[in-house]
Amino acid sequence: MTFADPNQALARAQAVLDTDASPLHASIAHQVIGTWQRDWGDIRIALHHLRRARDLAARAESPEREADVLAALGVALVHTGRTRQGLAALERGIERGSGHTRARVLFRRAYAHWVLGHHQEALEDIHRAIPMLRRAEDVIWTARALTLRATVHLALGAVDRADADFTAAEALWDTTGQEHDKADAVESRGLAAFRSGDIPMALRLLDEAEEHYTRLGTPTLMLNIRRCEVLMAAGLAPEALAEADAAIAVLDGIGGQSTRKAELLLAAARAARLAGDAHTAIARAAIAVRLFAGQRRSWWETHARLVLIEARVVTGRSSGRLLAEAAAVADRLASFGAPAAPEASLLAGRIALNLGWTADAERHLGVAARSRHNGPPLARMTGWTAQALRAQAAGSGRGVLEACRRGLDILDAHRMTLGASELRARATAQGAELAALAQQASLDNPRRLLMWSERGRAATLSTPPTHPPTDPQLQSSLAAFREIAARAESARMEARPIPALEREQRRLEREIRSRTLHLRGNAPGDGHLFHPGHLLDRLDAEGTRLAALAVLDGRVQVLLCGQGRVRRFEAGLLAEAETEAEHVQAGLRRLAHPGAEARLPVMEAAGRRLEELLLGPAATHLGDGPVVVVPPARLHRVPWALLPSLRERVLSVSPSASGWLRARETEPPPGAHQVLVRGPGPATVGAEVPHLAGRYGGAVVLEHADARVPRVLNELDGAALAHLATHGTFRADSPLFSTLRMADGPMALHDLERLERSPYRIVLSSCDTGRLGRVDADEVLSLITALLPLGTAGMLACSAPVNDTAVVPLMLAVHEELAAGRSLAEALYKARAALPADAVHQATGWAFTAFGGA
């Protein structure tokens with residue numbers, strides 16, 4: 001019963017010990033308690049019970065019973081780090097047992113070898129055990145052995161063999177009542193899905209396994225380790241670090257297995273390194289190395305040393321000794337047959353390049369590059385990264401570009417398997433180095449540099465996110481989230497305590513996010529390849545210039561497109577521009593309130609500094625016509641209309657040049673309607689809506705109680721124009737939970753992604769609706785990036801707090817120009833010119849930006 005109903009088994013075993021049990025029965029009861037404590041409780045208590053079970057088995061004069069207990073005790077000793085004692089106990093168990101019992105002991109020793117990283121020894125024991133278990137018709141232990149063999153195959157990178165064993169084991173588990181083992185099988189299938197590159201399926205299966213474990217009431221430490229791996233591969237390193245730390249705290253609280261603690265520390269170290277926290281990575285990895293060494297787990301110790309060296313390199317360390325350590329780790333991992341061996345060779349190659357040791361670099365990079373043709377997507381990308389660095393060291397620009405192209409093609413195919421826009425955005429970061437290498441190799445060719453800048457920019461806009469409009473559980477969770485969030489907001493306004501509501505809101509957010517991360521991509525991409533010539537033809541036909549900003553080695557490069565060519569201008573340092581942009585945002589917040597007139601000259605001076613940093617000499621070559629700015633993700637908060645050369649012209653912003661092209665070529669839906677929405681709040685919020693209702697005679701008007709999320713979503717679908725006058729809340733910690741306030745609670749980006757076709761044009765007239773959250777590399781998530789792939793060709797939004805009263809004349813003027821047939825960018829330009837010259841109205845005009853091309 002221990003793995004069918006663990007807690008019931010524990011209770012019954014304790015009940016047996018409360019009676020005058022025979023030595024044989026008492027031995028079994030102590031073994032059950034010891035096994036339970038070993039796997040889900042205090043390992044010290046486990047050793048006490050298992051040793052008592054061994055002694056009682058000897059008193060009962062039952063060699064088979066003694067062999068079985070010795071096997072359980074051996075595994076427990078290995079988990080405490082007493083490797084020699086544990087393997088010795090398992091060896092005695094094999095000597096004492098025979099037939100069926102010996103097969104079970106062999107299985108346990110195979111498991112111990114797997115824990116220790118002795119994969120070949122594990123396979124040898126499993127191969128001996130499985131025929132014996134099958135002859136004995138022991139379905140449960142045969143299924144366990146097949147599951148373990150599959151797990152060992154995965155550790156060695158043999159995914160196909162693992163799949164075959166998992167399939168066979170699953171067929172056997174369906175005939176048993178072993179609930180914990182069944183959950184373990186689901187968890188293992190999740191690991192297999194991850195190893196084959198299917199991240200959404202891996203996340204779904206791991207969550208399903210966790211639900212099983214929760215019903216059984218058992219801790220999930222191995223699952224935590226595996227989920228950390230998947231989260232890191234998905235680009236969610238901070239979440240992986242939090243999960244690992246939480247699991248370590250649970251383990252310390254119950255006095256659990258030291259082997260699991262070492263593995264969790266390794267997971268935490270890897271996550272910290274990927275999250276950019278090198279010092280935490282070094283600290284965790286160093287402890288993990290010591291624990292693994294003490295446990296005699298060379299396979300694991302070598303992996304921990306790899307992370308330790310990687311983190312040290314990130315901090316700027318580079319030496320011959322560090323290179324020797326990395327090379328030794330690479331050789332060791334290769335001897336183990338570990339899939340991480342190419343990663344270690346790539347690391348050694350990087351260190352050699354930093355030292356200028358080209359021969360050593362070529363040797364190590366050549367080994368790493370062998371992985372570019374085989375394995376899961378990220379492993380092949382490691383190989384192509386190594387190949388690109390080899391070509392760069394050899395001075396072959398063509399070789400660099402070919403390697404980068406091949407590597408990014410793999411990433412594009414991988415990204416299309418991801419249904420959630422968040423995962424697609426984060427996947428882009430995994431190709432950031434390849435994109436940067438290609439850009440560096442294209443520095444002297446502006447047109448080619450533009451092409452490579454587009455490859456790494458705003459890839460989430462290339463296809464719509466996958467959305468399940470008929471998923472009742474997701475819709476139910478979103479409705480519950482709205483209700484709880486609305487109650488929490490009401491309680492805050494009344495100064496009532498809300499910790500319980502906040503906990504429930506966080507739980508619902510986790511549930512919603514989890515379900516969206518499970519989605520597989522169902523769109524192969526639109527096949528769109530960016531062609532600079534097509535862009536230039538469109539720009540010249542419209543008399544427009546496009547300024548795409550790229551960042552190389554920390555400096556802004558302006559790629560000015562127009563008049564049939566692409567020219568490159570070097571501007572200022574990105575870090576200085578970011579700092580200045582933050583000062584400007586603070587200034588806009590002050591100017592939203594009357595009485596800040598003295599700040600106006602300060603803001604104008606800041607605009608001149610921003611122009612120098614962001615456009616440099618390109619500012620004098622913009623011509624007289626409209627301008628489109630394509631900024632990197634880190635500069636999306638810049639109020640571009642504040643820059644002197646952009647202030648008096650038609651200006652629009654786009655996350656990518658290809659996105660602007662698609663927006664210009666998007667046709668408005670025929671015969672579509674207008675929607676005017678006014679959410680709850682003070683009378684000044686959305687005060688323009690009644691006036692606009694008169695202008696658009698047939699518009700759907702949703703105000704106050706009518707502005708409920710289901711109704712709003714229904715009316716937005718397929719609209720020609722939507723004007724949303726309701727306050728927005730931007731969530732930097734989780735951009736897809738940024739919201740617009742409606743009568744029944746917040747409408748999140750997760751809601752908007754369910755639209756079949758978002759409105760052709762959208763005007764968002766309230767604060768913070770234009771803020772974007774940077775997600776690694778050059779990707780952003782926001783209302784804008786959520787809606788542009790769904791059919792929206794143009795948006796008007798605000799990136800800073802604004803004065804609600806001053807917004808009204810601006811919005812009325814914008815709609816007057818739209819009615820005259822102008823684009824959003826043209827309408828905003830005309831509307832700014834019509835505003836009063838005081839500071840509040842000027843700041844309001846600067847805070848709004850036209851996005852897209854409609």
Completion exercise
Tested for side-chain contact (heavy atoms from CB on, under 4.5 Å) against Met742, the lone hit among Thr726, Leu713, Leu702 is Thr726
Exercise for the section: Sequence neighbours left out, what passes salt bridge (charged side-chain N to carboxylate O under 4.0 Å, His left out) with Arg482? Give chain and number order. Expected result: Asp744, Asp751
Fill in the blank from the handout: Correct closest heavy-atom pair for Val808 and Ala687 would be CG2-CB, 3.7 Å
Fill in the blank from the handout: Rounding to 0.5 Å, atoms CG (Leu764) and CG (Leu740) come to a distance of 6.0 Å
Exercise for the section: Mind checking salt bridge (charged side-chain N to carboxylate O under 4.0 Å, His left out) for Asp409 and listing every partner two or more places apart, or none if nothing turns up? Expected result: Arg405, Arg455
Problem - Those residues that, when tested against Val551, pass side-chain contact (heavy atoms from CB on, under 4.5 Å) (two or more places apart) - result: Leu574, Pro632
Problem - Test item: Leu622 and Leu560 side chains (from C-beta on) under 4.5 Å apart, heavy atoms - result: yes
Problem - Residues in salt bridge (charged side-chain N to carboxylate O under 4.0 Å, His left out) contact with Glu611, at least two apart in sequence or another chain - result: none
Practice task
For residues Leu552 and Glu570, determine if any side-chain heavy atom of one lies less than 4.5 Å from a side-chain heavy atom of the other.
Solution key: no
Handout entry: Non-hydrogen side-chain atoms of Leu676 and Val700 separated by less than 4.5 Å
Key = no
Practice task
List the atom of Ser765, the atom of Glu688, and the distance in Å for their closest heavy-atom pair.
Solution key: OG-OE2, 3.0 Å
Practice task
With the side chain counted from C-beta on, respond yes when Glu703 and Val701 share a heavy-atom pair under 4.5 Å apart, and no when they do not.
Solution key: yes
Exercise for the section: Ignoring hydrogens and angles, tell me if any N or O in the side chain of Ser656 forms a donor-acceptor pair with the backbone of Gly659 under 3.5 Å. Expected result: yes
Side-chain donor-acceptor pairs under 3.5 Å in residues 577-584, sequence neighbours left out?
unit_1	atom_1	unit_2	atom_2	d
Glu578	OE1	Arg634	NE	3.3
Glu578	OE1	Arg634	NH2	2.5
Glu578	OE2	Arg634	NE	3.2
Thr579	OG1	Ala575	O	3.1
Glu580	OE1	Arg609	NE	3.2
Glu580	OE2	Arg609	NE	3.3
Glu580	OE2	Arg609	NH2	3.0

Problem - From CA spacing to verdict: salt bridge (Lys or Arg N to Asp or Glu O under 4.0 Å), Glu612, Arg608 - result: CA-CA 6 Å; Glu612 183 179 345; Arg608 290 191 292 273; over 6 Å; no
Exercise for the section: Might you point out which heavy atoms bring Arg448 and Ser442 nearest each other, and give the distance in Å? Expected result: NE-OG, 3.4 Å
Exercise for the section: Answer yes if the side chains of Glu665 and His534 hold a donor-acceptor pair under 3.5 Å, and no otherwise. Expected result: yes
Handout entry: Minimum side-chain heavy-atom gap Leu536-Arg565 below 4.5 Å
Key = no
Practice task
Grab the two heavy atoms, one from Cys798 and one from Val802, that are nearest each other, plus how far apart they are.
Solution key: SG-CG1, 3.4 Å
Exercise for the section: Determine the minimum heavy-atom distance between Leu588 and Ala843, stating which atoms define it. Expected result: CD2-O, 3.8 Å
Handout entry: Working for side chain to side chain contact (heavy atoms under 4.5 Å, CB included), residues Val558 and Leu614
Key = CA-CA 8 Å; Val558 183; Leu614 296 177; over 6 Å; no
Would you mind writing out the side-chain donor-acceptor pairs for residues 787-795 within the sub-3.5 Å range, not counting sequence neighbours?
unit_1	atom_1	unit_2	atom_2	d
Thr792	OG1	Ser758	OG	2.6
Thr792	OG1	Pro759	O	2.6

Practice task
Report the distance from atom CG of Leu411 to atom CG of Leu434, rounding to the nearest 0.5 Å.
Solution key: 8.5 Å
Indicate every side-chain donor-acceptor pair of residues 822-839 with a distance under 3.5 Å to a residue at least two apart or in another chain.
unit_1	atom_1	unit_2	atom_2	d
Arg822	NH1	Glu817	OE1	2.5
Ser823	OG	Glu826	N	3.2
Ser823	OG	Glu826	OE1	3.3
Glu826	OE1	Ser823	N	2.8
Arg832	NE	Gly845	O	2.7
Arg832	NH2	Gly845	O	3.3
Arg832	NH2	Phe848	O	2.8
Asp838	OD1	Val840	N	3.1
Asp838	OD1	His841	N	3.1
Asp838	OD1	His841	ND1	3.0
Asp838	OD2	His841	ND1	2.8

Problem - Atom pair CG/CH2 of Leu635 and Trp640 - distance to nearest 0.5 Å - result: 5.5 Å
Problem - Partner residues of Arg538 under the side chain to side chain donor-acceptor pair (under 3.5 Å) criterion, sequence neighbours left out - result: Glu542
Exercise for the section: Would you indicate whether the side-chain heavy atoms of Arg589 and Gln585 approach each other to under 4.5 Å? Expected result: yes
Practice task
Not counting sequence neighbours, which residues clear ring-ring contact (aromatic ring centres under 6.0 Å, His included) with Tyr760? List them please.
Solution key: none
Problem - Val653 side chain reached by Val628 side chain, heavy atoms, under 4.5 Å - result: no
Exercise for the section: Tell me, please, which residues at least two apart from Gln439 pass side chain to side chain donor-acceptor pair (under 3.5 Å). Expected result: Ser453
Exercise for the section: With rounding to the nearest 0.5 Å, note down the distance linking CE in Met451 to CG in Leu559. Expected result: 12.5 Å
Problem - Aromatic ring proximity, centroids under 6.0 angstrom, Tyr696 and His723 - result: no
Problem - Partner set under side chain to side chain donor-acceptor pair (under 3.5 Å) for Gln563, not counting sequence neighbours - result: Arg545
Practice task
Verify, without hydrogens or angle tests, whether Asp717 (side chain) and Glu756 (backbone) share a donor-acceptor contact under 3.5 angstrom.
Solution key: yes
Exercise for the section: Please report the C-alpha distance between Leu643 and Leu615 in whole Å, then the side-chain angles of each, then the deciding distance to 0.1 Å, and finally whether the side chain to side chain contact (heavy atoms under 4.5 Å, CB included) criterion is met. Expected result: CA-CA 9 Å; Leu643 277 58; Leu615 298 179; 4.0 Å; yes
Problem - Nearest-0.5 Å distance that lies between atom OG1 in Thr739 and atom CE in Met747 - result: 9.0 Å
Completion exercise
Between Leu535 and Ala657, the two heavy atoms sitting closest are CD2-CB, 4.1 Å
Exercise for the section: For side chain to side chain contact (heavy atoms under 4.5 Å, CB included), just list the numbers for Val763 and Leu724, CA-CA rounded to whole Å, side-chain angles, deciding distance to a tenth of an Å, and then say yes or no. Expected result: CA-CA 6 Å; Val763 177; Leu724 303 177; over 6 Å; no
Problem - Test side chain to side chain contact (heavy atoms under 4.5 Å, CB included) applied to Leu752 and Leu755, step by step - result: CA-CA 6 Å; Leu752 292 167; Leu755 294 172; 4.2 Å; yes
Handout entry: Close side-chain approach of Glu509 to Phe481, heavy-atom, < 4.5 Å
Key = yes
Completion exercise
d(Asn803 CG, Leu591 CG) to nearest 0.5 Å is 10.5 Å
Exercise for the section: List for me each residue that meets salt bridge (charged side-chain N to carboxylate O under 4.0 Å, His left out) alongside Arg649, sequence neighbours excluded, and say none if there are none. Expected result: none
